[in-house]
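Below: the structure, in structure tokens.
Naming: A, B, ... by sequence-line order, numbering from 1 per chain. Both backbone and side-chain heavy atoms feed into the values below; hydrogens, waters and symmetry mates do not.
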Number of protein chains: 2
Amino acid sequence: MSICAYLVIALKEAMRNLTKTMNALSDETRLRILRVLLEKECCVCEIMQALDISQSRASRNLGILREAGLLRARRDGAWIVYSVDKEGMQEYLSDMVKAIRKALEGNQVVALDLERLKTAVRVGPSRVNH
Amino acid sequence: MSICAYLVIALKEAMRNLTKTMNALSDETRLRILRVLLEKECCVCEIMQALDISQSRASRNLGILREAGLLRARRDGAWIVYSVDKEGMQEYLSDMVKAIRKALEGNQVVALDLERLKTAVRVGPSRVNH
DNA sequence: ACTAAATATGCGCATATACTCATATAATTA
DNA sequence: TAATTATATGAGTATATGCGCATATTTAGT
């Protein structure tokens, strides 16, 4: 492949990254996950409990948010802890996150999620009766 | 339908509006259209020329942005002029628009669109050889 | 009123998305 | 090392999306 072709790809990548981000943020499940993670870092099973959703659904959507650069993941023993890396993320991503947070202010679905989050415990999916 | 059921629907509407907005902003064509309209209000045929896309594609995506509350449309003679209503739109929408604008700064695809916009004329689709 | 022009939209197709179910992978503990 | 636990992921399915093509709708001009 020619140098030129590579350049064209690089130029298109910025746009692709942006649409990827916006796509990640255009789904209700993922907006709810993001909002919960703005409250506190969580493992998959805590997200399951807060949103009252299945394990695979939680895991897959966390992966999409991570892939879009909105979350970071670290292992902590048996768990993988997801968090919003407010400082480390690209500036345009943190702008979006701030806008989303504001847009979700007072939202009732979110309120319920945050309520359930309070009683969520770091216990595996197998012990979450869902 | 009971009052309760209506309340539940109303509570869910805020979330639905947000995902609708984000969805509208998660497509490359629509991000490009929005960016062009931040430069100057346009009729459909000017958007066609700036982005070098078909008439139905321009019209449909303008409609989606409009439906999401991001654009307003007014008739001007034979034309329908679309614009970003920066003052009139919901606050969370204008936050998103600002973030998008910043994210697209220096983007090459956008640069080409804006270049073509300069030479775009308000002449109907039938006279745009595409 | 008739014709032309500008925009919107129904339809069909190809592709993308989101979910569940079942299973694979990776780390912990006995 | 074997069993258990936490998370990721492949497969299948139902639905949503984006596009082009053709056509409908609405306005302008004669």
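Between the side chain of A:Arg30 and the backbone N or O of A:Asn61 there is no donor-acceptor pair closer than 3.5 Å. Between the side chain of B:Thr21 and the backbone N or O of B:Asn17, at least one donor-acceptor pair lies under 3.5 Å.
Heavy atoms of B:Arg30 sit under 4.0 angstrom from primed sugar atoms or phosphate atoms, though from no base atom.
Among C:dT7, D:dA22, D:dC19, the nucleotide with an atom closest to any side-chain atom of B:Cys45 is C:dT7. In the set D:dA8, D:dC19, D:dA11, the nucleotide with an atom closest to the side chain of B:Thr29 is D:dC19. Closest approach to the B:Ser59 side chain among C:dA8, D:dT9, D:dC19 is made by C:dA8 (side chain taken as heavy atoms from C-beta onward).
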Check your understanding: When you check every protein heavy atom under 4.0 Å of nucleotides 24-30 of chain C, what one-letter string (B, S, -) results, 5' to 3'?
Key -> --SSS--
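Salt bridge B:Asp95/A:Lys102: present, at least one basic N to carboxylate O contact under 4.0 Å. At a threshold of 4.0 Å, the pair A:Asp76-A:Arg122 counts as salt-bridged, since one of the basic side-chain nitrogens sits closer than that to a carboxylate oxygen. A salt bridge links B:Glu39 to B:Arg35: one of the charged nitrogens lies within less than 4.0 Å of a carboxylate oxygen.
Taking the nucleotide of DNA chain C with the nearest heavy atom to each of A:Arg60 and B:Leu62, the more 5' of the two is matched to B:Leu62.
The side chain of B:Ser54 contributes an N or O atom lying less than 4.0 Å from OP1 or OP2 of D:dG20. In terms of phosphate contacts, B:Tyr82 brings a side-chain nitrogen or oxygen within less than 4.0 Å of OP1 or OP2 of C:dA8. Taking 4.0 angstrom as the limit, A:Asn23 places a side-chain polar atom (N or O) nearer than this to OP1 or OP2 of C:dT17. For B:Ser56, no side-chain nitrogen or oxygen approaches OP1 or OP2 of D:dT23 to under 4.0 Å.
The interatomic distance linking A:Ile64 (CD1) with D:dT9 (P) rounds to 11 Å, in whole Å. Distance, A:Gln49 CD to D:dA6 P: 11 Å, rounded to whole Å. Rounded to whole Å, atom P of C:dT17 lies 16 Å from atom CG of A:Leu31. Taking atom CG of residue B:Asp27 and atom C1' of nucleotide D:dG18, one finds them 7 Å apart after rounding to whole Å. Whole-Å rounding puts the B:Gln55 CD to D:dT23 C1' distance at 11 Å. Between B:Arg57 atom CZ and C:dC13 atom P the separation is 21 Å, expressed in whole Å. Between the CH2 atom of A:Trp79 and the C1' atom of D:dA6 there is a distance of 8 Å, rounded to whole Å. Whole-Å rounding puts the A:Asn61 CG to D:dT7 P distance at 15 Å.
B:Arg16 and B:Thr19 form a side-chain donor-acceptor contact under 3.5 Å, judged by distance and modelled atom types alone.
The heavy-atom pair separating B:Ala58 from B:Met48 by the smallest distance is CB-CG, 3.9 Å. Scanning all heavy atoms of the two residues, the minimum distance from A:Glu46 to A:Val121 falls at CG-O, 3.9 Å.
At most 12 heavy atoms of other shown residues, nucleotides or ligands fall within 6.0 angstrom of atom CZ in A:Arg66.
For the side-chain contact (heavy atoms from CB on, under 4.5 Å) test with A:Arg32, the passing option among A:Leu37, A:Leu104, A:Val109 is A:Val109; the others fail.
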Check your understanding: Tell me, what's DNA chain D's dot-bracket, Watson-Crick or G-U with both distances under 3.5 Å, | for other-strand, [ ] crossing?
Key -> ||||||||||||||||||||||||||||||
